Amino acid sequence: MKAQGCIILGLMILSALSEDITFAGIPDNDDLQVAWKNGGLLNQTLAAMKPGDELFFPENTTYHLVGGITAYNLSDNVIHFDGTLRFTANVKTWPTKSDGSGQVLECFQFFNINNVTFTSSTIGLLNGHGETWWGLLGYVEYLENRPRMLSIANSKNLLIENLYFQSSPYWTVWITDVDGLEIRNSEISNRRNDYDGHDWWNLAAWNTDGFDVTGKNVWIHDCRIWNQDDCIAVKDGSENMLFERIHASGLGLVIGSIGESTVRNITFRDCWMHKTYKGIYLKFRGSGLIEDVTYENIVMDQPEQWPIWIGPAQQADSVNICHADPCSICWPDVPFAQCNMPSNAQYRGITLRNITVNNPVTSTGIIFGSADAMIQDITFENVQYTNPIGDWYLCQNVASGKSIDSYPSPKCLQ
């Protein structure tokens, strides 16, 4: 009883000392000088927050900011995005690291935070003015030196809810080395116009990943994502993650790219993908192990490229967009483009169950294992295509697997 009393007393003291803080920036003014002032003030405000404090961006206000909003060691805080935050479109003045590298700072970056909630009483809007960074010319100029919208590292017990991330210059939400994360009732939109699909104009919003995560004990649910790269990407060294009730259109529900690490116990279920570019996408960039993965109850309508891809990462890491890193994004359409599966990259215990693919546009899919670490224990159960484009494009290097009530059935699983 004495210990319980001490805990209660501690909570009472924390409550008494905590504050509700309304952001004191200048609203509804998009002047660049104001954006710099608001950014500096927000950094000062976050640095001064104590455990238990809550920060409010009021409803019906818009704050214009520069990037480089950074906070360390927040604990037991709530940040309420009830208004709108817009990051400057002035790319040339974007803040960079102090080491002289020229590397831009993220829009928001948090380090070593615990029990922090990012929320809104309505739907909080964060706009990154990504259109000023996108496009072929933008990629040639900036490559991947573009800011993420929200980056969180080495943290635990996080909740993100009721937020709308719009027009991120680069990856939208990047959360690394997390233990305990829930994201719910949130939306990501990275698109150049309202075209109902992913044409080359929209796909030139390069690298606009949705939710990218590494760590463990992650639950992302009831979210919408429309972007031009990985919708959700489980990155290196991750385990124990569940993704469900997701509406996604982009480069898919992804594990990877993985290299020199192990990823295990990942589930995607109850998802709908309208005119997505890729659908189910597992990819290696180097050696490693991906095991105990389930995709179930997923519907794709008119997927535009590969509905199912289990193999190497199809990507380019330079301005030569047809270079194979390790599989060219130009493969197999461009003669001499290469697609290489890394050695010692093994898939094991992969299950696709109750997958519906309606009217794919160009292909059925590939299953491509390492020659020296062949796929083991892969199961297709009730994977059904309506109006498939031929048979599976590629199905090789599978040591063991089975296909149950699936059409068309991959020949290497029969």
Side-chain angles (χ1 to χ4, degrees), residues 183-184 210-211 218-226 230-234 238-256 263-283 290-311 347-369 375-395 398 400-414:
I183 301 177
R184 65 190 183 198
F211 296 114
V218 170
W219 183 26
I220 298 180
H221 61 98
D222 300 289
C223 293
R224 292 176 175 269
I225 305 161
W226 189 292
D230 300 343
C231 299
I232 291 174
V234 178
S238 295
E239 61 183 347
N240 304 333
M241 297 186 178
L242 172 61
F243 308 91
E244 59 183 341
R245 299 185 299 277
I246 308 291
H247 287 198
S249 189
L251 265 65
L253 305 175
V254 179
I255 298 177
V263 171
R264 59 167 55 94
N265 192 25
I266 310 296
T267 297
F268 291 87
R269 68 187 183 198
D270 303 326
C271 300
W272 180 56
M273 310 183 78
H274 171 72
K275 293 189 176 180
T276 191
Y277 198 66
K278 280 187 171 75
I280 293 169
Y281 186 17
L282 292 84
K283 54 180 176 176
I290 297 174
E291 66 176 352
D292 300 330
V293 172
T294 299
Y295 289 83
E296 62 181 343
N297 304 330
I298 294 173
V299 176
M300 303 178 214
D301 289 328
Q302 302 176 64
E304 297 178 345
Q305 194 202 46
W306 303 98
I308 297 173
W309 176 292
I310 301 171
Y347 293 107
R348 186 168 66 201
I350 310 298
T351 299
L352 276 63
R353 180 185 300 117
N354 301 331
I355 310 297
T356 300
V357 181
N358 295 317
N359 304 308
V361 175
T362 61
S363 184
T364 303
I366 77 163
I367 303 169
F368 185 8
I375 298 173
Q376 296 182 1
D377 188 23
I378 181 171
T379 299
F380 276 38
E381 180 180 347
N382 193 32
V383 177
Q384 295 288 334
Y385 282 69
T386 302
N387 300 320
I389 306 297
D391 207 340
W392 285 78
Y393 186 84
L394 183 67
C395 191
V398 176
S400 61
K402 58 187 176 182
S403 176
I404 305 168
D405 298 326
S406 296
Y407 172 77
S409 181
K411 292 179 180 179
C412 60
L413 302 186
Q414 296 175 355

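For clarity, every value in this text was computed on a predicted model and none was experimentally measured.
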Sidechain N-carboxylate O distance under 4.0 Å for Lys283, Asp230: yes

Gap separating the OG atom of Ser249 from the NZ atom of Lys278, nearest 0.5 angstrom: 13.0 Å

Minimum side-chain heavy-atom gap Met273-Ile298 below 4.5 Å: yes

Check: Ile225 and Ile232 side chains under 4.5 Å, non-hydrogen atoms: yes

Nearest heavy atoms of Gly279 and Met300, plus distance in Å: CA-SD, 3.8 Å

side-chain contact (heavy atoms from CB on, under 4.5 Å) between Leu282 and Ile290, intermediate numbers included: CA-CA 9 Å; Leu282 292 84; Ile290 297 174; 4.2 Å; yes

Lys/Arg-Asp/Glu bridge criterion (N-O < 4.0 Å) met for Lys275, Asp301: no

Value rounded to 0.5 Å, distance of CG in Leu242 from OG1 in Thr267: 6.0 Å

Trace of the side-chain contact (heavy atoms from CB on, under 4.5 Å) decision for Trp226 with His274: CA-CA 9 Å; Trp226 189 292; His274 171 72; 4.0 Å; yes

Residue pair Asn358 / Pro303: nearest heavy atoms and the distance that separates them: O-CD, 3.6 Å

Parallel, tilted or perpendicular: rings of Trp309 and Trp306 (30°, 60°): perpendicular

Nearest atoms (heavy-atom pairs only) where Pro360 meets Pro388: CG-CA, 4.0 Å

Spacing of Ile367 atom CD1 and Ile375 atom CD1 [to the nearest 0.5 Å]: 6.5 Å

Nearest atoms (heavy-atom pairs only) where Ala233 meets Gly256: CB-O, 3.8 Å

Arg264 and Asp292: CA distance, side-chain angles, deciding distance, salt bridge (Lys or Arg N to Asp or Glu O under 4.0 Å) verdict: CA-CA 5 Å; Arg264 59 167 55 94; Asp292 300 330; 5.2 Å; no

Student check: side-chain heavy atoms of Leu413 and Lys402 closer than 4.5 Å: no

Side-chain donor or acceptor of Thr276 paired with backbone N/O of Gly250 under 3.5 Å: yes

Beyond-backbone contact of Trp219 with Glu244, side-chain heavy atoms, under 4.5 angstrom: yes

Salt-bridge criterion met for Asp377 and Arg348 (N-O under 4.0 Å): no

Donor-acceptor pair, side chain of Tyr407 and main chain of Tyr385, under 3.5 angstrom: no

Steps toward side chain to side chain donor-acceptor pair (under 3.5 Å) verdict (Asp270, Asn297): CA-CA 5 Å; Asp270 303 326; Asn297 304 330; 3.2 Å; yes

For the student: nearest non-hydrogen atoms of Lys411 and Cys395, plus distance: N-SG, 4.5 Å

Phe268 vs Val293 side-chain heavy atoms within contact, under 4.5 Å: no

Donor-acceptor contact present, side-chain Tyr347 to main-chain Phe368, <3.5 Å: no

Val218 vs Phe211 side-chain heavy atoms within contact, under 4.5 Å: no

Nearest-0.5 Å distance that lies between atom CD1 in Ile310 and atom CZ in Phe380: 4.5 Å

Under 3.5 Å: donor-acceptor pair, side chain of Tyr295, backbone of Leu253: yes

Atom of Gln384, atom of Ser406 and distance for their closest heavy-atom approach: NE2-CA, 3.8 Å

Expected output: side-chain Trp392 to main-chain Thr364 donor-acceptor under 3.5 Å: no

Verdict with supporting geometry, Ile378 and Val398, side-chain contact (heavy atoms from CB on, under 4.5 Å): CA-CA 8 Å; Ile378 181 171; Val398 176; 3.9 Å; yes

Any donor-acceptor N or O pair under 3.5 Å, side chains Asn354, Asn382: yes

Value rounded to 0.5 Å, distance of OG1 in Thr362 from OH in Tyr277: 7.5 Å

Min side-chain heavy-atom separation Leu352-Glu381 under 4.5 Å: no

Sub-4.5 Å side-chain heavy-atom contact between Asn359 and Thr386: yes

Pairwise distance CD1(Ile355) to CD(Glu296) - rounded to 0.5 angstrom: 8.0 Å

